[in-house]
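The analysis underlying the following values was restricted to heavy atoms, covering all of them including side chains, and did not include hydrogens, waters or symmetry mates. Chain naming here is simple, since letters A, B, ... match the order of the sequence lines and numbering starts at 1 in each.
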Amino acid sequence: MPSELSPTFDPAAIERDVYARWVEAGIFHAEADSSNRLGGSRTPFTIVIPPPNVTAVLHMGHGLNSTVQDVIVRWRRMSGDEALWVPGTDHAGIATQNVIERQLADEGRNRADLGRAAFVERTRSFVNETGGVILEQLRAIGCSCDWTRTAYTFSPELSRGVREAFVRLHEAGLIYRGHRVIHWCLRCLTSLSDEEAEHAEETGTLYHIRYPLADQSDRSVVVATTRPETMLGDVAVAVHPDDERYSAVVGHDLLLPIANVRIPVIADEYVDREFGTGAVKITPAHDPNDFELGLRHALPMPVIMAPDGTMSEGDDASGRVPPELRGLDRLIARQRIVDRLRERGALARSESHQHGVRHCYRCDTVVEPRLSDQWFVRMKPLAEPALAGVRNGRVRILPERWEAVYINWLEGIRDWNISRQLWWGHRIPVWYCGACGDAPIVSRTDIAECPECGGPVRQDDDVLDTWFSSWLWPISTLGWPDEAATDLRAFYPTDVLVTAPEILFFWVSRMIMAGYFFMGDAPFHTVYLHGTVRDMEHVKMSKSLGNGIDPLDVVALYGADALRYTVIAGLGMGTDVMLDPGNLEQSFGPGRNFATKLWNMGRFLLSNVGDAEVPLLADLDQAKLTRADEWILNRLDSAIHRCDAALGPSHPAAGTWSDAELRVGLRLMEFTEEARRFTWDELAAWYLESTKPRLSAGGDDAGVARAVLVHVFDAALRMLHPVVPFITETLWQRLPGRPPGAGMFLARAAWPRPRATGAASGHARASEFELVRESVSAVRQIKADYGIPLGKSVDAVLVARDGAARTLEEERALIGHLARAQVRTATEVPSGAAAHAVLTDGSEVIVPLAGTIDVEKECHKLRTELAQLETQLAALRQRLDNHGFVSRAPAHVVEAERAKSTEWGARRDQLAGKVRALCGS
RNA sequence: GGGCGAAUAGCUCAGCUGGUUAGAGCGCCUGCCUUACACGCAGGAUGUCGGGGGUUCGAGUCCCUCUUCGCCCACCA
């Protein structure tokens with residue numbers, strides 16, 4: 001066939017079509033009825049995608065994340081599981097709202113100009129028109145998602161789940177409204193959870209400010225602060241109760257400069273005597289610690305800053321903010337206040353100071369602690385089962401070290417602020433009745449009037465944190481809160497969750513909590529945390545830094561398979577993937593080369609086998625298999641074993657992970673390398689090459705070679721398919737016995753299995769092929785040593801260890817072909833100069849090189865080898881002579897060492913004899 | 001400040017409960033257009049396994065210590 005196949009593979013020519021045929025054939029669709037949880041015959045295997053933001057476009061991080069999931073899902077699908085990969089997107093509250101607000105800003109407007117309803121409508125239509133682009137892009141890299149189940153966190157179905165979750169938690173007493181200091185983003189004008197306010201070390205200034213005693217202005221207490229503007233909200237100065245420096249002033253009043261209010265000096269153990277001056281200004285409304293302290297001491301909590309970060313007199317702050325400071329941004333006000341303090345001599349000193357500052361994870365603005373009313377989820381009760389689940393092996397986290405991080409975090413978990421002062425998101429299902437009072441009415445359905453008094457009600461203005469919908473993702477996408485939903489029963493709990501460690505707390509741990517709380521079980525048994533895509537300087541790839549690589553560019557230039565191969569082959573467990581944005585060829589060339597290699601193996605096979613059907617391996621007369629056949633079938637079995645060991649087990653056999661299972665599997669890099677190594681280094685380099693003379697000779701043996709060739713190549717394509725699905729599918733469909741249109745797909749073909757054990761005779765014959773390989777390598781090396789072109793034929797003589805001729809015809813033919821040599825028997829050993837190589841079994845390969853032999857060189861080579869062997873042998877024998885070793889080492893180790901010693905001894909004698917004969921002495 | 005981890009070939013990493021002569025990919029050097037493939041083939045070089053100590057018959061592997069990196073969390077103003 002196919003001379004019509006070009007020597008290089010053109011991915012662009014086939015990818016789109018192959019993908020379309022997969023979808024058309026329903027390859028990616030999972031049937032709930034097939035799940036054995038619903039009486040079907042297949043084990044379900046489910047992955048839910050970490051939903052990308054609905055406005056996202058594909059970047060390398062998605063490429064990595066999605067490829068990992070696809071490899072796993074395709075592996076399980078081929079292994080016979082009812083494999084489901086649920087795709088979808090996240091409405092991404094703050095992120096999406098920010099996109100629209102930027103649009104409005106470009107138009108010279110803001111969200112207030114539009115009003116809430118119009119803003120939400122605009123966002124919704126923007127999402128409808130442009131959202132979900134990334135889902136299209138996932139198809140371009142071959143993701144085998146079940147598109148019939150595409151979900152969206154803000155869809156009516158999932159929104160129902162969100163509301164149900166809120167109500168149930170509220171009924172359980174786990175949701176409450178709290179008046180406390182939270183993180184406030186001045187730019188997004190919303191509160192943030194602790195996780196959304198990211199720490200960063202910064203150098204600021206620590207100001208030491210003198211607060212005079214109210215009744216004794218020549219005495220004062222000096223406080224230290226990094227945020228002097230907050231002093232307007234001070235209500236006390238706190239010192240440690242045992243701090244003798246201040247014991248005299250505790251209970252006295254100070255006169256707060258600028259604001260000119262009297263504030264007391266109080267004692268509290270919270271204060272660290274060592275830090276600063278040992279006296280802390282207390283601003284309950286603008287600092288979380290001060291807030292706690294304010295509660296303990298029943299202090300007032302004046303708010304001196306507006307939501308946008310300008311100075312203003314809020315609750316309880318009347319008269320505190322001087323008119324000339326009102327309306328100023330806090331940082332400008334800070335400078336003014338410092339200036340004024342300095343003028344009055346109230347600034348004792350200022351010094352540079354390293355401290356942690358929190359930033360909004362969405363816009364990087366420095367967040368302000370701010371006193372406000374928010375909704376919170378009580379996390380301790382939710383965290384307990386989530387903690388137990390990981391501790392008892394119901395859930396494992398890979399790589400293992402993240403488990404300690406997870407546990408550490410959950411043990412110290414704090415309540416979750418879930419209300420956001422945004423417009424884009426799930427509105428909090430709480431209403432207030434103006435007539436009955438403040439009691440919130442929590443409802444599953446929208447209400448128009450008060451159920452008590454029939455009066456008008458007003459819905460809470462806030463929306464829920466985006467993660468309040470994401471944490472339901474594994475259950476909501478499968479139909480929850482309808483607990484009888486078919487998908488939920490068929491596919492929950494899911495299996496593996498694949499994501500980056502950055503969202504372990506945001507998302508993963510909360511999903512585990514939600515799974516236990518709402519469904520009574522963990523949402524998955526394995527969390528696979530992969531690394532980050534970085535450039536060659538180890539800087540995280542990002543669009544804004546300009547060091548990104550567009551996966552679609554890579555697909556266009558190198559093909560989707562090359563992209564997938566590159567990220568998987570470069571991905572150690574938990575390690576980062578380094579790619580070079582400045583040199584795509586270096587990064588993706590190897591992947592493309594591998595695809596080309598496969599392509600050419602396919603070309604060879606197809607042109608030598610043709611379209612004619614070949615017998616199945618099992619139908620062959622096993623006695624007709626050659627040593628090469630046995631060898632490659634053996635190597636295939638070994639490769640399958642290794643691939644399976646790298647990938648599995650797919651789930652814990654007993655429901656929870658046993659110690660033996662806990663840390664194994666999902667070694668995608670090792671799996672890929674093993675499949676590649678087998679295909680390239682064994683199948684292509686040795687077996688395929690060895691079949692050439694047999695195929696051209698024709699006859700029965702050519703038929704055997706064809707059958708084995710097809711069998712092994714088929715198996716290799718199966719193993720490689722999860723990583724490089726497009727090219728393997730294309731080649732597989734062209735193999736003999738797969739008529740076009742028969743609806744056969746590699747994507748649904750069975751995962752290869754090793755032959756039944758017991759082929760012991762085959763094993764012996766296979767190991768004889770290893771000697772062929774050694775002989776070939778020996779001849780090639782001699783040729784390279786003497787500068788003889790590989791293509792130039794030489795004579796070669798094989799001599800067994802006992803001096804007898806090795807006369808096996810198959811062996812001689814193979815070596816002759818693979819090493820380009822005329823292989824002769826020992827009786828024909830020429831008397832002239834020759835190059836020698838001693839093989840591991842003590843047998844020899846001799847290449848007569850009359851006239852060109854360099855005896856010096858040859859002797860040097862042999863002597864070096866001999867010396868090396870003797871050193872090693874001596875060390876080995878010393879170990880064996882050692883008492884402790886023989887008595888304490890495990891028997892099999894001792895046995896192996898003894899066998900080795902015998903083998904090396906024989907080889908040493910062989911070599912030594914060679915040296916004597918050739919070099920004298 | 002609390003918790004966790006890493007240091008093995010030029011680069012990225014394997015090396016499981018201590019036991020063959022420490023491996024792979026990429027890169028590098030030499031030679032080859034050998035009728036599937038130069039996106040290829042053949043051959044080759046490269047590591048006192050971060051330093052020091054200890055346990056052991058035996059340590060890259062276990063323990064201690066030092067050095068250097070990294071990650072997560074955190075309310076010393």
- Query: Is it true that a side-chain atom of K783(A) and a backbone atom of A819(A) form a donor plus acceptor pair closer than 3.5 Å?
  - Reply: yes
- Report which part of the nucleic acid W402(A) touches: base, sugar-phosphate, or nothing (heavy-atom distance under 4.0 Å, all strands). sugar-phosphate
- Query: Contact class for H817(A) vs. all strands (heavy atom < 4.0 Å): base, sugar-phosphate, or nothing?
  - Reply: nothing
- Query: Please give, in whole Å, the distance from rU12(B) P to R534(A) CZ?
  - Reply: 12 Å
- Task: Give a yes or no on whether the backbone of F726(A) and the side-chain of D561(A) come within a donor-acceptor separation of less than 3.5 Å.
- Result: yes
- Message: Please determine whether a side-chain nitrogen or oxygen atom of K692(A) lies at a distance below 4.0 Å from atom OP1 or OP2 of rA36(B).
- Response: yes
- Message: Base, sugar-phosphate or nothing for A224(A)? Non-hydrogen atoms, less than 4.0 Å.
- Response: base
- Taking only side-chain nitrogens and oxygens of R879(A), does any of them come within less than 4.0 Å of OP1 or OP2 of rU21(B)? yes
- Query: Between rC75(B), rA77(B), rC13(B), which nucleotide gets closest to the side-chain atoms of T226(A)?
  - Reply: rA77(B)
- Message: Would you measure the distance from the P atom in rU12(B) across to the matching atom in rG3(B) and give it in whole Å?
- Response: 30 Å
- Message: Nearest to the side chain of E673(A), heavy atoms from C-beta on, is which of rC39(B), rA24(B), rG44(B)?
- Response: rA24(B)
- Item | Carboxylate-amine/guanidinium contact R396(A) E661(A), below 4.0 Å | no
- Within this structure, what is the CG-to-C1' distance between D268(A) and rC75(B), rounded to whole angstrom? 13 Å
- Task: In sequence, state the C-alpha distance, the side-chain angles, and the governing distance for H353(A) and F275(A), and then conclude on ring-ring contact (aromatic ring centres under 6.0 Å, His included).
- Result: CA-CA 12 Å; H353(A) 178 62; F275(A) 187 87; 5.7 Å; yes
- Between F505(A) and F9(A), just flag the one whose closest nucleotide in RNA chain B comes earlier from the 5' side. F9(A)
- Query: Of the candidate nucleotides rA36(B), rU21(B), rU56(B), which contains the atom at the shortest distance from the side chain of R888(A)?
  - Reply: rU56(B)
- Close aromatic pair by centroid cut-off 6.0 Å: Y565(A) and F588(A): no
- Query: Regarding R780(A) and the six-membered ring of W686(A), is the cationic atom NZ or CZ under 6.0 Å from the ring centre and inside 45° of its axis?
  - Reply: yes
- Check the distance between rC71(B)'s C1' and M573(A)'s CE and give it to me in whole angstrom. 17 Å
- Message: On RNA chain B, compare the nucleotides closest to R227(A) and D194(A); which residue's is nearer the 5' end?
- Response: D194(A)
- Message: Classify A875(A) by what it touches in the nucleic acid, base, sugar-phosphate, or nothing, heavy-atom distance under 4.0 Å.
- Response: nothing
- Item | Sugar-phosphate only, base, or nothing, as touched by E274(A) at under 4.0 Å among non-hydrogen atoms | nothing
- So, E585(A) and Y558(A): side-chain donor and acceptor under 3.5 Å apart, yes or no? yes
- Item | Under 3.5 Å donor-acceptor, E196(A) side chain and S193(A) backbone | yes
- Item | Side chain of R676(A) (C-beta onward), nearest among rA42(B), rG25(B), rU21(B) | rG25(B)
- Message: Check this one for me: any side-chain N or O of Q586(A) less than 4.0 Å away from OP1 or OP2 of rC26(B)?
- Response: no
- Message: Under 4.0 Å, heavy atoms only, any strand: does H892(A) hit a base, just the sugar-phosphate, or nothing?
- Response: nothing
- Message: When you compare the side chains of D576(A) and H538(A), does any donor N or O come within less than 3.5 Å of an acceptor on the partner?
- Response: no
- Grab the CG-C1' distance between L869(A) and rU21(B) for me, whole Å please. 10 Å
- Side chain of A404(A) - closest among rC39(B), rC4(B), rG43(B): rC4(B)
- Query: To the nearest angstrom, how far is H355(A) atom NE2 from rA77(B) atom C1'?
  - Reply: 10 Å
- Below 4.0 Å: OP1/OP2 of rU12(B) and any side-chain N or O of H538(A): yes
- Message: At less than 4.0 Å, is any side-chain N or O atom of W680(A) found next to OP1 or OP2 of rC41(B)? Yes or no.
- Response: yes
- Item | Euclidean distance for C1', rC72(B) against rA77(B) (whole angstrom) | 24 Å
- Task: Between rA9(B) and rC26(B), how far apart are the C1' atoms? Round to whole Å, please.
- Result: 12 Å
- Any side-chain N or O of R667(A) under 4.0 Å from OP1/OP2 of rG15(B)? yes
- Message: Expressed as a whole number of angstroms, how long is the span from H530(A):NE2 to rC13(B):P?
- Response: 15 Å
- Residue P7(A), side-chain atoms from C-beta onward, closest of rG3(B), rC37(B), rC13(B): rC37(B)
- Query: Within less than 4.0 Å of OP1 or OP2 of rC75(B), is there a side-chain N or O belonging to H199(A)?
  - Reply: yes
- Message: Once you apply a heavy-atom cut-off of 4.0 Å, does I282(A) come out as touching a base, just sugar-phosphate, or nothing?
- Response: nothing
- Which one, rG40(B), rU20(B), rC13(B), comes nearest to the side chain of M669(A)? rC13(B)
- Task: Report yes if a side-chain nitrogen or oxygen of R401(A) is closer than 4.0 Å to either non-bridging phosphate oxygen (OP1 or OP2) of rA6(B); otherwise report no.
- Result: no
- Message: When the C1' atoms of rG70(B) and rG27(B) are compared, how many Å lie between them, rounded to an integer?
- Response: 25 Å
- Query: Can you tell me if the side-chain N/O atoms of K597(A) get under 4.0 Å from OP1 or OP2 in rA36(B)?
  - Reply: no
- Message: Taking the minimum atom-to-atom distance to the side chain of P890(A), which one of rA77(B), rA14(B), rG19(B) wins?
- Response: rG19(B)
- Message: Just to be sure I understand the rule, does T8(A) reach a base, reach only the sugar-phosphate, or reach nothing, if contact means heavy atoms closer than 4.0 Å?
- Response: base
- Heavy atoms under 4.0 Å, any strand shown: does R820(A) hit a base, just sugar-phosphate, or nothing? sugar-phosphate
- Item | Check: A197(A) main-chain N/O paired with R358(A) side-chain donor or acceptor under 3.5 Å | yes
- Message: For D10(A), I'd like to know if atom CG has over 12 heavy atoms of other residues, nucleotides or ligands within 6.0 Å.
- Response: yes
- Between CH2 of W686(A) and P of rU34(B) the distance, given in whole Å, is 19 Å
- Message: Categorize F291(A) for me: base, sugar-phosphate, or nothing, with a 4.0 angstrom heavy-atom threshold over every strand shown.
- Response: nothing
- Item | Flag if over 12 foreign heavy atoms under 6.0 Å of CD, E201(A) | yes
- Task: Please work out if G791(A) contacts a base, only the sugar-phosphate, or nothing of the nucleic acid, heavy-atom cut-off 4.0 Å.
- Result: nothing
- Message: Side chain of D272(A) only, heavy atoms from C-beta on: which candidate in rA77(B), rA14(B), rC39(B) is closest?
- Response: rA77(B)
- Message: Looking at N593(A), I'd like to know whether one of its side-chain N or O atoms comes within less than 4.0 Å of OP1 or OP2 on rG40(B).
- Response: yes
- Query: In dot-bracket form, how is RNA chain B paired, counting a Watson-Crick or G-U wobble pair only if both its distances are under 3.5 Å and using | for bases paired to another strand?
  - Reply: (((((((..((((.....[...)))).(((((.......))))).....(((((..]....))))))))))))....
- Message: At 4.0 Å (heavy atoms only), tell me whether M601(A) reaches a base, stays on the sugar-phosphate, or touches nothing.
- Response: base
- Using atom CG of L662(A) as one end and atom P of rC16(B) as the other, report the distance to the nearest whole Å. 17 Å
- Any idea which of rC57(B), rA36(B), rG15(B) is nearest the E689(A) side chain? rA36(B)
- Does H286(A) place a side-chain N or O at less than 4.0 Å from the phosphate oxygens OP1/OP2 of rA77(B)? no
